Chemist: 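I have a structure here, written as structure tokens, and I will follow up with some questions on it.
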Protein chains: 2
Amino acid sequence: MTYQRKIPILECGHEYVREILYGRWKITLIYYIANGVSRPGELQRKIPQAGRRVLDVQLNQLVKHEIISKTVYDEAVARVEYRLTAFGSSLLPVVMTIIEWGNQNIKELKRVTR
Amino acid sequence: MTYQRKIPILECGHEYVREILYGRWKITLIYYIANGVSRPGELQRKIPQAGRRVLDVQLNQLVKHEIISKTVYDEAVARVEYRLTAFGSSLLPVVMTIIEWGNQNIKELKRVTR
DNA sequence: ACAAGTACGGATAAATTTATCCGTACCTTT
DNA sequence: AAAGGTACGGATAAATTTATCCGTACTTGT
């Protein structure tokens with residue numbers, strides 16, 4: 001995290017959306033967390049294509065950007081839960097719009113991205 | 001364009017949305033084109049922060065993905081126009097959702113991305 | 001004691017995207 | 001004829017994101 005961005009974010013709303021949402025697994029993570037998959041291990045099992053490390057990194061970014069919150073329960077066996085924040089919930093319509101348009105148009109999308 | 005993607009696109013709709021929409025200037029380009037800014041030179045003047053070359057590359061990708069169409073008018077002085085395709089128009093609600101949420105939350109977004 | 005579960009993160013390589021620099025061609029205005 | 005407009009694209013460097021490899025610590029069940 002000792003990385004300082006060099007290409008600036010512009011003063012448009014959607015530039016910031018890029019910044020917080022354009023990670024490889026972020027939409028997937030937000031979707032699962034919104035649907036009650038709250039623990040890191042669970043999320044990793046739900047998204048087997050992603051490396052464990054990458055999910056960690058992207059979860060940390062989502063926490064930093066206050067889209068999700070992280071609660072560490074100090075129990076015998078370590079337990080962590082991620083939840084959407086109010087801010088994250090307000091983003092959910094955006095995420096769902098992307099997911100739904102993608103699913104509705106998947107046939108066309110497969111064709112044009114070949 | 002002799003580049004072959006190595007990280008595969010998954011079978012989810014939103015993965016394809018990433019593929020076609022996650023370029024630095026794509027939302028901006030789609031927005032302007034939807035609002036009648038149709039010529040490459042015009043678009044470059046509207047988006048002075050972007051290099052000319054990058055816009056070209058991203059416009060070509062949008063054409064390849066059939067989000068916009070390109071018409072070359074064979075006139076004395078070269079004239080080119082980009083227009084949204086029907087497919088591109090169907091994407092517009094997604095783009096607008098992103099832009100609007102971003103603008104509505106820009107204060108918060110600036111804070112969390114610091 | 002050892003295997004497997006919970007969880008986290010440093011360091012680096014590979015892939016991908018974005019920026020920069022260069023050059024082309026043709027037409028119009030000065 | 002030179003300057004400036006239209007437009008396009010190759011080659012490469014820089015920035016950024018994603019993947020891979022490694023190691024930590026603690027707990028439970030065998």
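Since this is a predicted model, take the numbers as computed values, not measurements. Numbered from 1 within each chain, the chains take letters A, B, ... in sequence-line order. The basis for the numbers below is simple: all heavy atoms, side chains too, and nothing from hydrogens, waters or symmetry mates.
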Chemist: Atom CG of Leu55(A) to atom P of dG9(C): distance rounded to whole Å?
Modeler: 14 Å

Chemist: Which residues satisfy the salt bridge (charged side-chain N to carboxylate O under 4.0 Å, His left out) test with Lys110(A), sequence neighbours excluded?
Modeler: Glu11(B)

Chemist: All N/O contacts under 3.5 Å from nucleotides 12-17 of chain D to the protein, with atom names and distances to one decimal?
Modeler:
{"unit_1": "dT16(D)", "atom_1": "OP1", "unit_2": "Lys6(A)", "atom_2": "N", "d": "2.8"}
{"unit_1": "dT16(D)", "atom_1": "OP1", "unit_2": "Ile7(A)", "atom_2": "N", "d": "2.6"}
{"unit_1": "dT16(D)", "atom_1": "OP2", "unit_2": "Tyr3(A)", "atom_2": "OH", "d": "2.0"}
{"unit_1": "dT16(D)", "atom_1": "OP2", "unit_2": "Lys6(A)", "atom_2": "N", "d": "3.1"}
{"unit_1": "dT16(D)", "atom_1": "O5'", "unit_2": "Tyr3(A)", "atom_2": "OH", "d": "2.4"}
{"unit_1": "dT17(D)", "atom_1": "OP1", "unit_2": "Arg5(A)", "atom_2": "NH2", "d": "3.4"}

Chemist: Per the salt bridge (charged side-chain N to carboxylate O under 4.0 Å, His left out) rule, what does the pair list look like for residues 72-86 of chain B, sequence neighbours excluded?
Modeler: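 Salt bridge (charged side-chain N to carboxylate O under 4.0 Å, His left out) check on residues 72-86 of chain B returns Glu75(B)-Arg79(B), Arg79(B)-Glu81(B), Glu81(B)-Arg83(B).
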
Chemist: Would you please name every residue forming a ring pair (Phe, Tyr, Trp, His ring centres under 6.0 Å) with Phe87(B), sequence neighbours left out?
Modeler: Trp101(A)

Chemist: Nearest whole angstrom, please: distance from the P of dT18(D) to the CH2 of Trp25(A).
Modeler: 9 Å

Chemist: How does protein reach along nucleotides 21-30 of chain C, written 5' to 3' as B (base within reach of a heavy atom under 4.0 Å), S (only sugar-phosphate), or - (no contact)?
Modeler: BBB---SS--

Chemist: Which residues pass the side chain to side chain donor-acceptor pair (under 3.5 Å) test with Gln58(B), sequence neighbours left out?
Modeler: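 None.
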
Chemist: Expressed as a whole number of angstroms, how long is the span from Gln49(B):CD to dT20(C):P?
Modeler: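 After rounding, the gap between these two atoms is 12 Å.
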
Chemist: Would you mind reading off the distance between Tyr73(A) atom OH and dA7(C) atom P, rounded to a whole angstrom?
Modeler: 13 Å

Chemist: Which residues, if any, of residues 32-45 of chain B bring a heavy atom under 4.0 Å of DNA chain C?
Modeler: none

Chemist: Could you list the donor-acceptor pairs under 3.5 angstrom formed by side chains in residues 32-50 of chain A, with sequence neighbours left out?
Modeler:
{"unit_1": "Glu42(A)", "atom_1": "OE1", "unit_2": "Ser38(A)", "atom_2": "N", "d": "3.3"}
{"unit_1": "Glu42(A)", "atom_1": "OE1", "unit_2": "Arg39(A)", "atom_2": "N", "d": "3.1"}

Chemist: Any ring-ring contact (aromatic ring centres under 6.0 Å, His included) involving residues 61-81 of chain A? Give me the pairs, sequence neighbours left out, ordered by first then second residue.
Modeler: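 Non-adjacent pairs meeting ring-ring contact (aromatic ring centres under 6.0 Å, His included): zero.
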
Chemist: What is the distance from CD1 of Ile47(B) to C1' of dT18(C), rounded to the nearest Å?
Modeler: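 It works out to 14 Å between those atoms.
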
Chemist: For the atom pair OG (Ser90(A)) and CG (Leu84(A)), what is the distance rounded to the nearest 0.5 Å?
Modeler: 9.5 Å

Chemist: Check the surroundings of atom OH in Tyr31(A): do more than 12 heavy atoms from other residues, nucleotides or ligands lie under 6.0 Å from it?
Modeler: no

Chemist: To the nearest Å, give me how far apart CD (Glu81(A)) and P (dT6(C)) are.
Modeler: 14 Å

Chemist: Compile the donor-acceptor pairs under 3.5 Å between side chains in residues 91-100 of chain A and protein atoms, sequence neighbours left out, one pair per line.
Modeler:
{"unit_1": "Thr97(A)", "atom_1": "OG1", "unit_2": "Pro93(A)", "atom_2": "O", "d": "2.6"}

Chemist: When we call it a touch if two heavy atoms are under 4.0 Å apart, what does Val80(B) touch: a base, just sugar-phosphate, or nothing?
Modeler: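 Since only primed, P, OP1 and OP2 atoms lie under 4.0 Å of Val80(B), the category is sugar-phosphate.
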
Chemist: Just to confirm, is there a sub-4.0 Å distance from OP1 or OP2 of dA7(C) to any side-chain nitrogen or oxygen of Lys70(A)?
Modeler: no

Chemist: The criterion is salt bridge (charged side-chain N to carboxylate O under 4.0 Å, His left out); which residues satisfy it with Arg24(B), sequence neighbours excluded?
Modeler: Glu15(A)

Chemist: Tell me, please, which residues at least two apart from Arg114(B) pass salt bridge (charged side-chain N to carboxylate O under 4.0 Å, His left out).
Modeler: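 Partners of Arg114(B) by the salt bridge (charged side-chain N to carboxylate O under 4.0 Å, His left out) criterion come out as none, since no residue qualifies.
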
